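Written out below as structure tokens is the structure these notes cover.
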Amino acid sequence: MPDAQDLADAEVVYRRPAALTEVQMRYCPGCTHGTAHRLVAEVLEELDLIDRTVIVVTVGCSVYADKYFNVDAVQAAHGRGPAVATGIKRSSPESIVFTYQGDGDLAAIGLSEVIHTAQRGESITVIFINNAVFGMTRGQMAPTTLVGQKTTTTPRGRDPQIAGMPMMVCELLASIAGVAYLARETMIDPKTVRNAKRSIKKAFQAQVDGAGFSLVELISTCPVWWYKRPLEAIAWIREEMLEQYPLQVFVEYEA
Amino acid sequence: MSKRVMMTGNEAVAEGAIAAGCRYFFGYPITPQNAIPQYMAEHLAEVGGVYLQAESELASINLVYGAAATGAYVMTSSSSPGISLMQEGLSYMLGSELPCVVVNMVRGGPGLGNIGAAQSDYWLATRGAGHGDGRCLTFAPHRVQEMYDWAAEAFPIAQKYRCPVMILGDGLLANMAEPVRLRERQEPPPRDQDWAIGGRRNGRPRRIVNSLWTDVPVMEALNIRIQERFEQAAENETRWEEYGNDDPTFVFAAYGISARICKTVIDRLAEEGIRARLIRPVSLFPFPHKPFAEWAQRVERIVCVELSMGQFVEDVRLAVAGECPVDLIWRTGGVVLTPEEVMARVKELL
Ligand SMILES: Cc1ncc(C[n+]2csc(CCOP(=O)(O)OP(=O)(O)O)c2C)c(N)n1
Ligand code: SF4
Ligand SMILES: [Mg+2]
């Protein structure tokens with residue numbers, strides 16, 4: 001047992017980031033929403049942005065993110081986060097504004113808002129959680145659901161003849177001139193977590209620099225609606241999700 | 001120092017908003033109100049404001065939502081189909097207790113309808129703010145000067161009651177030109193609301209703008225709070241105008257453009273010795289029940305005139321509460337009543 005003096009002398013190497021509250025997160029075991037929260041929180045602290053930041057919380061399993069992030073928060077209607085964020089940024093340009101959106105929120109109901117926000121080169125950051133399902137509403141198909149993936153609304157697996165092919169959001173946004181930083185990352189081992197954090201940091205730095213729109217897509221787990229154990233979910237990302245959604249930095253700006 | 005200039009209703013409501021301190025406008029083009037965004041695009045830049053053309057009315061109202069959350073005076077405008085799209089955002093603004101001003105220059109409907117003058121969004125304007133328990137406070141000017149004046153009044157009212165305020169016009173009021181007496185443009189008030197977000201600067205506790213309350217008694221309490229504000233608004237913001245004979249045999253009920261038609265009819269009837277009066281609600285929600293309840297005791301009938309198929313008359317009948325007959329004269333689909341038509345139909349009733 002270390003004594004009090006040892007503790008006082010010890011260097012803190014891991015603690016709760018200041019940008020997270022003490023509230024216990026309510027994500028399922030093995031869900032990477034929590035990892036994504038932590039990475040964003042670490043970045044906000046490291047860039048010294050906590051006191052300027054507004055999170056735009058959207059509708060999905062992360063709907064309680066306003067309770068978890070220790071920053072000002074605005075709740076947006078399903079899919080409208082980027083429009084709400086734009087309204088905040090335009091009327092309060094000193095604020096650092098980011099949306100935190102799932103793939104149902106961003107790629108289904110909110111696709112128009114995110115594309116036009118990117119097209120305007122709006123100086124906001126989007127954290128995009130792609131878990132290939134609607135988690136919150138009990139595992140229905142999302143535009144990002146893989147071909148053949150069973151969901152509660154594709155009980156025989158996603159059939160491209162019926163539901164088309166998976167929506168590739170980064171590829172879609174990559175051609176838009178207003179985009180300053182765009183990357184797809186995942187969080188399945190220390191290396192990919194580090195890379196994800198690096199991209200999140202660059203995305204927020206792009207906003208600080210006023211370079212334009214930034215978005216990081218995070219390929220995430222939803223063990224519950226993938227009908228998998230947490231480790232199987234990680235393996236499924238490595239084997240299936242990354243086949244469809246290769247990790248890549250699509251756009252980087254010149255600082 | 002005030003000066004008089006010729007302006008359309010669209011221009012007047014836009015200039016009135018700027019004069020009141022509105023510095024943010026987000027909108028999407030739709031006839032018959034295109035001159036509002038055009039005016040804002042031209043003139044907000046002069047005062048350091050922001051005009052942004054949204055990709056849809058869904059986006060417009062959510063841009064408004066974001067700017068409103070920072071405590072800014074913010075406005076959007078549209079016409080009927082666009083207002084339908086804004087219902088979601090209006091509901092979220094009510095639930096999050098955010099103020100804004102929305103102008104609806106009503107056109108013929110339903111569907112894509114036409115660009116004629118209509119009043120067929122009365123239910124949408126006085127009942128609607130999307131889903132849930134709540135509405136917009138709604139005011140209906142009937143002259144271009146009033147458009148200008150109400151734009152200015154609407155912002156502090158929205159702030160006071162923390163809800164969207166709708167200014168209801170129509171295709172005619174939007175595009176007719178009349179002289180308007182202008183005031184000096186004011187600076188926006190400080191954003192010192194204790195709910196405004198933008199970053200917890202200077203160490204203040206963080207703030208959350210939210211309409212999600214999964215704890216049902218908390219949600220009920222919010223609805224009660226909103227309702228109490230509406231009750232206060234009913235006490236303080238109920239407005240109406242009366243016009244015409246002080247000892248009438250019957251009373252017209254009409255708002256907006258229909259009220260102007262009724263004023264002409266009243267003057268012409270007076271020449272024929274027929275005594276008529278007008279009650280013109282200016283606030284549609286809160287609705288001015290009192291003058292209707294009072295005049296209903298003293299006249300033979302109340303004749304409701306509206307450019308919709310019996311929407312406004314429902315509120316009149318509620319206010320009259322069976323004390324006298326209530327008749328309805330209407331045209332719809334963008335057709336505007338003429339004074340002659342109202343004269344003829346009223347004479348059949350008398
Ligand atoms: C207008 C509207 N339609 C539908 C819903 C229901 N709904 C809530 S969350 C959700 C999907 C969320 O999925 P996603 O964005 O992928 O987030 P996840 O839960 O997977 O993190 C839906 C359809 C809603 N809240 N609002
Ligand atoms: S349902 Fe899926 S996305 Fe939602 S918390 Fe559970 S694992 Fe995460
Ligand atoms: Mg999802």
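No hydrogens, no waters, no symmetry mates; every other heavy atom, side chains included, goes into these values. Model, not experiment: these values are computed from the prediction. Chain identifiers are assigned alphabetically (A, B, ...) following the order of the sequence lines, protein sequences preceding nucleic acid strands; residue numbering begins at 1 within each chain.
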Greatest number of heavy atom pairs closer than 4.5 Å to chain B - which of [options]:
options	answer
A/T53, A/L49, A/V71, A/V54	A/V71
A/R90, A/E113, A/R52	A/R90
A/S95, A/A73, A/G79	A/A73

**Q.** Derivation and outcome, side chain to side chain contact (heavy atoms under 4.5 Å, CB included), residues B/L52 and A/T86
**A.** CA-CA 10 Å; B/L52 194 60; A/T86 301; 3.9 Å; yes

Other residues, nucleotides, ligands: >12 heavy atoms within 6.0 Å of [X] [atom1]:
X	atom1	answer
A/E46	CD	yes
B/W123	CH2	yes
B/I30	CD1	yes
A/R138	CZ	no
B/R185	CZ	yes
A/Y27	OH	yes

Q | Nearest-0.5 Å distance, CD1 of residue A/I55 to CD1 of residue B/I197 | A |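 Answer for the CD1-CD1 pair, A/I55 versus B/I197, is 12.0 Å.
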
Per-residue contact mode, [X] against chain A (heavy atom under 4.5 angstrom):
X	answer
B/R191	side chain
B/L98	neither
B/S60	neither

Are any non-hydrogen side-chain atoms of [X] and [Y] less than 4.5 angstrom apart?
X	Y	value
A/V84	B/L63	no
B/E55	A/I115	no
A/Y64	B/L212	yes

Q.
Can you tell whether the side chains of A/D72 and B/R204 come within less than 4.0 Å, N to carboxylate O?
A.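 Salt bridge between A/D72 and B/R204, a charged N being under 4.0 Å from a carboxylate O: yes.
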
Q: Give a yes or no on whether a salt bridge exists between B/R200 and A/D51, defined as a side-chain N under 4.0 angstrom from a carboxylate O.
A: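 Judged by the 4.0 Å cut-off on N to carboxylate O distance, B/R200 and A/D51 do form a salt bridge.
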
So for [X], is it side chain, backbone, both, or neither that comes closer than 4.5 Å to the heavy atoms of chain B?
X	answer
A/A85	neither
A/V56	neither
A/E94	both

Q: Taking B/R206 for its side chain and A/F69 for its backbone only, find out whether a donor-acceptor pair lies under 3.5 Å.
A: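 Yes: the side chain of B/R206 pairs with the backbone of A/F69.
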
Q: Show the numbers, then the answer: is there a side chain to side chain contact (heavy atoms under 4.5 Å, CB included) between A/Q75 and B/V209?
A: CA-CA 6 Å; A/Q75 161 76 65; B/V209 170; over 6 Å; no

**Q.** Heavy-atom pair with the smallest gap, counting every atom of B/A59 and A/A83
**A.**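 Closest heavy-atom pair between B/A59 and A/A83: O-CB, 4.0 Å.
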
(Q) For A/S91 versus B/A67, what's the shortest heavy-atom pair and its separation? (A)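 Smallest interatomic distance, heavy atoms only, reads OG-CA, 3.3 Å.
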
Q: Would you please test B/Y65 and A/V74 for side chain to side chain contact (heavy atoms under 4.5 Å, CB included) and show each step?
A: CA-CA 9 Å; B/Y65 179 93; A/V74 177; 3.3 Å; yes

